[in-house]
Amino acid sequence: MEYVEEGPYRFRIARRGTMRVPGLVFASRQLLRDAEKSLRQVVDVATLPGIVDASYAMPDIHWGYGFPIGGVAATDVDDGGVVSPGGVGFDISCGVRLLAADCDRRTLDPVLHSLMDGLGHVVPRGAGPGGVWPVTGRELERILRGGSRYAVEEGHGEERDLRRCEDGGAVSDADAGQVDARARERGLGQVGSLGSGNHFLEVQQVTEVYDEPVAAAFGLAADQVCVMIHCGSRGLGHQICSDHVRMMDKAMARYGITVPDRQLACAPADSPEGRAYLGAMAAAANYGRANRQLLAEAARRVFRREAGARLTLVYDVSHNLAKVETHAVDGVPRRLCVHRKGATRAFPPGHPELPEDLRSVGQPVLIPGTMGTASYVLTGVPGGGAFHSTCHGAGRVMSRHQAARTIGGEQLRARLEEDGVAVRPLSWRGLAEETPEAYKDVTEVVAASEGAGLCRKVARLVPLGVVKG
DNA sequence: ATGTGC
């Protein structure tokens with residue numbers, strides 16, 4: 001793929017052929033090694049009807065279903081712009097929640113192992129069914145509409161939690177009626193579960209603070225213990241994505257839309273198919289949020305019991321979502337359907353949607369790294385490109401199969417324990433697939449994101465204990 | 001990511 005370096009950490013793929021906009025990739029040359037397949041996807045996305053500005057990619061770009069993971073694309077809703085399930089991904093509303101404990105690492109040390117045992121015991125995880133508790137159809141309905149708000153209303157959390165959640169914990173335009181029987185069936189038995197793959201619950205320690213005042217506003221300080229939860233909407237979101245890809249694949253011809261890859265199946269955002277997907281997607285987003293709220297409550301109970309510590313929510317933000325947002329295009333405000341797939345919203349200071357206590361510092365951006373390295377907390381910056389978006393994680397470089405061939409799960413656990421990371425895996429195979437070597441260097445990804453002017457570093461966290469599917 | 005692969 002041909003591209004030109006037009007600024008620091010900024011590469012442009014010129015518009016040509018059926019591309020409606022150029023490609024704009026924020027990365028370093030090093031991060032773009034072996035990115036040929038995903039850059040092809042950046043070009044494919046640039047052909048979508050109604051796309052504005054550019055087909056963007058974040059520094060953690062890698063190959064995904066149709067759209068690259070690490071891709072951001074916005075379409076003009078009032079000018080035939082499309083919505084595409086592939087632009088969100090199978091794990092709708094996959095995201096991260098960070099909680100800060102009122103203790104530091106030294107206080108936790110003597111109880112770390114019993115704490116990890118406790119967390120390992122209460123966190124449902126792995127493929128297939130299994131949640132914190134089974135819910136009825138009526139409760140599921142409320143989860144799909146209410147997200148984290150439902151959980152808090154039921155006593156699983158505090159009102160303050162909702163102020164520290166993207167959208168106050170619930171996407172308002174959820175249409176539970178668009179979530180069909182099969183998706184509901186899968187969702188019923190997985191409420192409050194972690195899942196598998198790269199999802200995790202980690203106990204972490206803040207090792208570095210890059211910006212004291214912002215960290216303080218977020219509730220973070222050096223040496224502080226934190227809990228990071230990374231999970232999504234499980235089988236429910238997966239079912240919704242599959243169903244709507246199929247429906248849009250059939251509907252495209254009727255709208256006269258052709259795409260270079262069937263996996264880019266889409267429909268006008270303002271069409272029956274587009275609205276149906278957006279409504280179902282928002283319901284799945286609420287499911288993912290309720291999921292993280294319930295897991296946070298489980299962690300709170302264990303922390304209280306084992307360490308006498310309290311967990312305060314720093315923030316909860318998704319990195320797989322499409323949202324209708326208003327942004328200026330060529331100086332004119334437009335309603336855009338912003339697809340972020342493996343990309344995190346990063347509102348700058350002063351943004352009206354931020355809660356009052358974060359208004360002056362910007363939105364916390366939560367970047368999960370790998371079990372053996374680090375995770376980061378960033379913040380949005382003024383003038384951040386790509387519709388206020390930044391990276392979402394380290395980004396895979398090895399396939400799951402390849403990763404599992406380089407190391408055994410038991411061997412990896414021994415290595416991590418030696419490095420002071422307590423591990424509570426469900427399966428050895430699952431653990432091996434997530435070996436840190438399978439990922440890009442998250443520090444490099446974060447440096448590129450900051451260097452490209454998408455965000456600013458606030459704190460670095462390292463794992464003390466990992467609960468995995 | 002996923003009751004993991006048409």
Side-chain angles (χ1 to χ4, degrees), chain A residues 38 41 60-71 84-97 124-131 134 140 179-201 229-246 249-250 261-263 265 277 280-281 284-285 287-289 291-292 295 318-322 339-344 368 370-371 392-405 409 425-434 438-439 467-469:
Chain A
S38 42
Q41 294 187 312
D60 47 340
I61 179 175
H62 58 287
W63 185 85
Y65 181 90
F67 286 59
I69 294 162
S84 173
V88 172
F90 278 88
D91 195 3
I92 295 168
S93 194
C94 177
V96 182
R97 169 175 291 228
R125 58 199 190 276
L140 183 67
V179 179
D180 77 357
R182 214 158 147 210
R184 280 166 192 266
E185 181 66 30
R186 291 179 74 172
L188 279 173
Q190 300 184 323
V191 173
S193 67
L194 199 57
S196 58
N198 63 0
H199 290 162
F200 64 73
L201 182 149
I229 299 168
H230 178 208
C231 71
S233 54
R234 306 292 329 274
L236 180 132
H238 191 276
Q239 191 67 48
I240 287 170
C241 180
S242 320
D243 293 345
H244 287 260
V245 165
R246 208 179 319 108
D249 188 53
K250 282 188 196 144
D261 176 354
R262 273 183 88 171
Q263 296 186 351
Y277 171 69
M281 181 212 70
Y287 184 95
R289 285 141 193 239
N291 217 6
R292 291 193 285 275
L295 284 167
S318 168
H319 47 234
N320 282 7
L321 213 58
H339 301 72
R340 294 187 182 89
K341 179 188 193 178
T344 317
T370 77
M371 306 179 272
H392 88 301
R396 280 197 95 87
V397 283
M398 259 184 226
S399 70
R400 302 200 157 275
H401 186 75
Q402 217 180 337
R405 272 196 339 199
L426 193 73
S427 86
W428 293 126
R429 168 81 193 190
L431 189 70
E433 288 177 350
E434 289 297 312
Y439 286 89
V467 178
K468 279 205 73 78

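Chain A is the first sequence line, chain B the second, and so forth, proteins listed ahead of strands; every chain is numbered from 1.
The stretch residues 85-97 of chain A participates, sequence neighbours left out, in these salt bridge (Lys or Arg N to Asp or Glu O under 4.0 Å) pairs: A/Arg97-A/Asp316.
Here A/Glu433 lies out of heavy-atom contact (under 4.0 Å) with every strand. No engagement by A/Arg429 is indicated, since no non-hydrogen atom pair under 4.0 Å with the nucleic acid exists. In this structure, A/Gly232 reaches neither bases nor backbone, as no heavy-atom distance under 4.0 Å exists between it and the strands shown.
A distance below 6.0 Å separates the ring centres of A/His230 and A/His319.
Within a 6.0 Å sphere centred on CZ of A/Arg262, other residues, nucleotides and ligands contribute 12 heavy atoms or fewer.
Shown for residues 235-243 of chain A: residues whose heavy atoms fall under 4.0 angstrom of DNA chain B, namely A/Gly235, A/His238, A/Gln239.
A/Arg246 has its CZ atom 13 Å from the P atom of B/dC6, to the nearest Å. In this entry the distance linking CD of A/Glu434 with P of B/dT2 reads 11 Å, nearest Å. The interatomic distance linking A/Leu426 (CG) with B/dT4 (C1') rounds to 15 Å, in whole Å. A/Arg396 places its CZ atom 13 Å from the C1' atom of B/dT4, with the value rounded to the nearest Å. One atom, CG of A/Asn291, and another, C1' of B/dT2, lie 14 Å apart when rounded to the nearest Å. Straight-line distance from the CG atom of A/Asn320 to the C1' atom of B/dT2: 13 Å, rounded to whole Å. B/dT2 atom P lies 11 Å from atom OH of A/Tyr287, rounded to whole Å. Rounded to whole angstrom, the span from the CD atom of A/Gln263 across to the P atom of B/dC6 amounts to 12 Å.
Here A/Arg289 pairs with A/Glu166, A/Asp167 under the side chain to side chain donor-acceptor pair (under 3.5 Å) rule; sequence neighbours left out.
The backbone N or O of A/Gly192 sits less than 3.5 Å from a side-chain atom of A/Asn291, completing a donor-acceptor pair. In this structure a side-chain-to-backbone donor-acceptor pair under 3.5 Å is missing from A/Ser193 to A/Arg125. At distances below 3.5 Å, not a single donor-acceptor pair connects side-chain atoms of A/His199 with backbone N or O atoms of A/Cys231.
Taking 4.0 angstrom as the limit, A/Arg234 places a side-chain polar atom (N or O) nearer than this to OP1 or OP2 of B/dT2.
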